[in-house]
Amino acid sequence: MALNSSGVRADIGYLRRRVKPAAPAATAAPAAAERETAEAEPAPRRAASAGLSLAPHPTGTASTGTASVSAGSTSTASPAGRASVAAAPTAVSPDSLPFPAPTIDDVRELGGTEPVLRLNARESAVGSLIVSGADVAVWEDTDRVTGSAHASGDTAGTPVTTSGNRPLVGFDEADALVSLRHVRELRRALFVARGPHTLGVQVFDGATVTTARGDDSRMFVLYLLRIGNLLELRAEPVDRTASDDTILKQFGFTLTPHVATRESRSR
């Protein structure tokens, strides 16, 4: 088939082919340069995500592959999948305690040479802490309610009773007992022994420790302090001739006045 070689008709203007005007050279040049630069430079590779890493970083952040989350803060992801990362509560560990201390298995006698020991979490929470040889027991709970009891049966201050209707600290015949099931209600306690006998401590598994006898001028009292969920036992020297009230003041115990509640009478 022969090609149409007829000339363009001048009498029909709308059949003429329209030629698009050429773009200005000044405008096309930058766009072409940008395309050449983009094609020449390789696209940055996206780092593969390794998942959430809890390993410590020098800057104190946890790495999530392409983003960092500061410890204890909340981070928000992209709108397609928002998620928050919060720091979990940290349990009390031996590293966070004020100083290392021997255990009840390391010490036979608390005194001038070995004045302090610290029970572990199980020894501080299971059963009862038995203190033998005490004549006076003093307690203070977390609300600063303070009271005292004597082996003879006399009491002063305010008693602290647990939810099981048992005294937090009290005497059972000749022994003073600390209810460890409710140890978190206890802030501190003090045990005083008069005469030549010494104080002895026993935990649920049978481990024991005693306090030193002292001498003619001084004696050792047993000071019990709760640190977190652990109990710390200390042998503190005091004047042997000091009265119970003087010893209590020396350790900052102020007995809370006990107000007996009146039971309502039914009508």
Side-chain angles (χ1 to χ4, degrees), residues 101-120 122-141 146-157 159-160 162 166-183 186-227 230-253 255:
T103 67
I104 195 171
D105 296 325
D106 300 329
V107 181
R108 296 177 58 90
E109 182 181 80
L110 288 173
T113 305
E114 294 285 354
V116 61
L117 67 84
R118 190 175 295 130
L119 303 179
N120 60 34
R122 184 176 60 175
E123 294 165 344
S124 301
V126 178
S128 297
L129 183 77
I130 304 174
V131 181
S132 60
D135 294 299
V136 182
V138 189
W139 58 84
E140 183 179 84
D141 70 0
T146 307
S148 66
H150 293 251
S152 60
D154 296 334
T155 60
V160 176
T162 66
R166 294 181 56 188
L168 184 60
V169 179
F171 278 93
D172 183 9
E173 296 182 355
D175 296 330
L177 303 180
V178 180
S179 180
L180 298 183
R181 182 179 179 183
H182 307 278
V183 71
L186 179 68
R187 184 171 181 264
R188 56 181 183 149
L190 182 70
F191 302 92
V192 182
R194 297 290 184 178
H197 53 275
T198 60
L199 292 165
V201 179
Q202 180 177 336
V203 294
F204 78 99
D205 61 357
T208 60
V209 67
T210 61
T211 59
R213 292 184 178 276
D215 50 35
D216 295 337
S217 60
R218 69 172 186 169
M219 62 181 182
F220 287 94
V221 297
L222 179 65
Y223 185 52
L224 186 150
L225 182 66
R226 181 176 65 84
I227 303 177
L230 305 182
L231 289 179
E232 191 171 274
L233 308 181
R234 293 174 172 267
E236 299 285 354
V238 297
D239 185 2
R240 185 175 290 277
T241 61
S243 64
D244 294 341
D245 292 339
T246 301
I247 295 175
L248 264 61
K249 291 179 181 178
Q250 181 178 343
F251 286 87
F253 285 97
L255 300 182

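- The structure places OG1 of T210 at 12.5 Å from CD of Q202, a figure rounded to the nearest 0.5 Å.
- A heavy-atom distance below 4.5 Å is not found between the side chains of S124 and E232.
- Distance check: L233 CG to L225 CG gives 10.0 Å after rounding to the nearest 0.5 Å.
- Side-chain contact between T241 and R218: absent, with no pair of heavy atoms (C-beta onward) separated by less than 4.5 Å.
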Point to revise | side-chain contact (heavy atoms from CB on, under 4.5 Å) between F251 and V238, worked out | key: CA-CA 10 Å; F251 286 87; V238 297; 3.9 Å; yes
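- Contact record, Q250 with P237: NE2-O, 4.2 Å, taken as the closest heavy-atom pair.
- Annotation: side chain of L186 is in contact with side chain of L224 (closest heavy-atom distance under 4.5 Å).
- In this structure, CZ in F253 is found 11.0 Å from CH2 in W139, a value given to the nearest 0.5 Å.
- Across T155 and A149, no two heavy atoms sit closer than the pair CG2-CB, 4.2 Å.
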Exercise for review: Take V221 and V192 through the test side-chain contact (heavy atoms from CB on, under 4.5 Å) and record every step on the way to the result.
Suggested key: CA-CA 5 Å; V221 297; V192 182; 3.9 Å; yes
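- No side-chain heavy atom of F204 sits under 4.5 Å from any side-chain heavy atom of L129.
- With hydrogens and angles ignored, the 3.5 Å screen pairs no side-chain donor or acceptor of H150 with any backbone N or O of V136.
- With sequence neighbours left out, D245 forms a side chain to side chain donor-acceptor pair (under 3.5 Å) with no residue at all.
- The minimum heavy-atom distance linking A137 with V169 is given by the pair CB-CG1, 4.3 Å.
- You'll find the side chain of L230 stays beyond 4.5 Å of the side chain of L119, heavy atoms only.
- Of all heavy-atom pairs spanning S148 and V138, the tightest one is CB-CG2, 4.0 Å.
- The list of salt bridge (Lys or Arg N to Asp or Glu O under 4.0 Å) pairs with a residue in residues 194-203, not counting sequence neighbours, reads R194-D244.
- Using a 4.5 Å heavy-atom threshold, the side chains of S132 and L199 count as separate.
- Distance check: I247 CD1 to R240 CZ gives 10.0 Å after rounding to the nearest 0.5 Å.
- Among residue pairs with one or both ends in residues 105-115, none qualify as salt bridge (Lys or Arg N to Asp or Glu O under 4.0 Å); sequence neighbours excluded.
- Residue pairs meeting the salt bridge (Lys or Arg N to Asp or Glu O under 4.0 Å) criterion with at least one member in residues 196-209: none, sequence neighbours excluded.
- When all heavy atoms of V116 and P102 are compared, the pair lying nearest together is O-CG, 3.3 Å.
- The shortest distance between side-chain heavy atoms of R118 and L231 does not fall below 4.5 Å.
- Once rounded to the nearest 0.5 Å, the distance linking CZ of R234 with CZ of F220 reads 13.5 Å.
- V201 has its side chain out of reach of I130: every pair of non-hydrogen atoms, C-beta onward, lies at least 4.5 Å apart.
- Within the structure, salt bridge (Lys or Arg N to Asp or Glu O under 4.0 Å) contacts touching residues 125-134 (residues at least two apart or in different chains) do not occur.
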For residues 170-181, which side-chain donor-acceptor pairs fall under 3.5 Å, sequence neighbours excluded?
none

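- For the atom pair CG of D239 and CE of M219, the computed distance is 8.0 Å after rounding to the nearest 0.5 Å.
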Exercise for review: Please report the C-alpha distance between T103 and L117 in whole Å, then the side-chain angles of each, then the deciding distance to 0.1 Å, and finally whether the side-chain contact (heavy atoms from CB on, under 4.5 Å) criterion is met.
Suggested key: CA-CA 5 Å; T103 67; L117 67 84; over 6 Å; no
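- Of all the heavy atoms in A193 and G133, the pair that sits closest is CB-O, 3.3 Å.
- Counted within 6.0 Å of CG on D215, heavy atoms from surrounding residues, nucleotides or ligands total more than 12; the atom is thus considered enclosed.
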